[in-house]
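Here the structure is laid out as structure tokens; the discussion comes afterwards.
First the proteins, then the strands, lettered A, B, ... as listed; each starts at 1. Quick caveat, the model's predicted, so the values are computed rather than measured.
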Amino acid sequence: MEDKSRTFQQAVYAVVRRIPEGRVATYGQVAALAGRPGAARQVGYALAAAPRELGLPWQRVINAHGEVSRRADPGDEEYQRLLLQAEGVVFDERGRVALSRYRWQV
DNA sequence: TTTATGGCTGTCA
DNA sequence: ATGACAGCCATAA
């Protein structure tokens with residue numbers, strides 16, 4: 001895979017892989033870092049199609065509200081929360097995390 | 001090339 | 001705070 005010809009999807013993967021454990025990033029943030037500001041939806045779309053075999057920390061990507069986005073399978077939604085909590089990320093009663101505190105800063 | 005589809009995001013009522 | 005709406009944009013048909 002070459003630098004120029006790499007797909008947006010691959011760029012997203014590269015960014016997500018850099019998110020430290022115990023930290024989270026928003027879709028919009030990932031899109032911007034991937035070089036495509038405004039392509040937040042595509043980030044979610046790309047992650048939804050991402051094979052787990054890649055060991056991608058997709059659970060660290062959440063929406064701008066600081067909550068886990070609604071998924072087709074509610075089970076994955078819960079799984080994502082579990083993974084994050086296992087990393088030390090705390091959710092409040094509303095099921096949201098304090099972005100001001102856990103947001104990944106480059 | 002045009003359409004349809006979304007793990008989104010701001011803005012406004 | 002919540003819900004509706006309209007932009008945004010890469011992929012697959």
Of the listed nucleotides ([options]), which one gets closest to any side-chain atom of [X]?
{"X": "A/Ala40", "options": "B/dT9, C/dT2, B/dG7", "answer": "B/dT9"}
{"X": "A/Ala48", "options": "B/dG7, C/dT11, B/dT9", "answer": "B/dG7"}
{"X": "A/Ala64", "options": "B/dT9, C/dC8, B/dG7", "answer": "B/dT9"}
{"X": "A/Tyr27", "options": "C/dT2, C/dC9, B/dT9", "answer": "B/dT9"}
{"X": "A/Phe8", "options": "B/dG7, C/dT11, C/dT2", "answer": "C/dT11"}
{"X": "A/Gln9", "options": "C/dT11, C/dC9, B/dG7", "answer": "C/dT11"}

Can you tell me how far [atom2] of [N] sits from [atom1] of [X], to the nearest Å?
{"X": "A/Arg96", "N": "B/dG7", "atom1": "CZ", "atom2": "P", "value": "22 Å"}
{"X": "A/Glu67", "N": "B/dC8", "atom1": "CD", "atom2": "C1'", "value": "12 Å"}
{"X": "A/Tyr45", "N": "C/dC9", "atom1": "OH", "atom2": "C1'", "value": "12 Å"}
{"X": "A/Gln29", "N": "B/dC8", "atom1": "CD", "atom2": "C1'", "value": "14 Å"}
{"X": "A/Leu56", "N": "B/dG7", "atom1": "CG", "atom2": "P", "value": "16 Å"}
{"X": "A/Ile62", "N": "B/dT9", "atom1": "CD1", "atom2": "C1'", "value": "14 Å"}
{"X": "A/His65", "N": "B/dT11", "atom1": "NE2", "atom2": "P", "value": "12 Å"}
{"X": "A/Asn63", "N": "B/dT9", "atom1": "CG", "atom2": "C1'", "value": "9 Å"}

So with a 6.0 Å cut-off around [atom1] of [X], is the heavy-atom count from everything else above 12?
{"X": "A/Tyr45", "atom1": "OH", "result": "no"}
{"X": "A/Gln85", "atom1": "CD", "result": "yes"}
{"X": "A/Arg36", "atom1": "CZ", "result": "no"}

What is the pairing partner of C/dA13, taking Watson-Crick or G-U wobble pairs with both distances under 3.5 Å in any strand?
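Across all strands, the one nucleotide that pairs with C/dA13 is B/dT2.
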Applying the Watson-Crick and G-U wobble criteria at under 3.5 Å, what pairs with B/dG7? Answer none if nothing qualifies.
none
Assess whether a salt bridge exists between A/Glu87 and A/Arg60, defined as any Lys/Arg side-chain N lying under 4.0 Å from an Asp/Glu carboxylate O.
yes
Using a strict threshold of under 4.0 Å (side-chain N to carboxylate O), is an ion pair present between A/Arg81 and A/Asp92?
no
Which part of the nucleic acid, if any, lies within contact of [X], taking any heavy atom under 4.0 Å across all strands shown: a base, the sugar-phosphate backbone alone, or nothing?
{"X": "A/Arg70", "answer": "sugar-phosphate"}
{"X": "A/Val68", "answer": "nothing"}
{"X": "A/Glu77", "answer": "nothing"}

Quick one: is C/dA6 close enough that its OP1 or OP2 comes under 4.0 Å of any side-chain N or O from A/Arg41?
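A/Arg41 to C/dA6 OP1/OP2: no side-chain N or O under 4.0 Å.
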Does a nitrogen or oxygen in the side chain of A/Arg36 sit under 4.0 Å from OP1 or OP2 of C/dA10?
yes
Is the closest side-chain heavy-atom distance between A/Leu56 and A/Arg17 below 4.5 Å?
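A/Leu56 vs A/Arg17: side chains touch.
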Using the P atom on both, measure C/dC8 against B/dC12 and round to a whole Å.
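Going atom to atom, P in each nucleotide, I get 15 Å.
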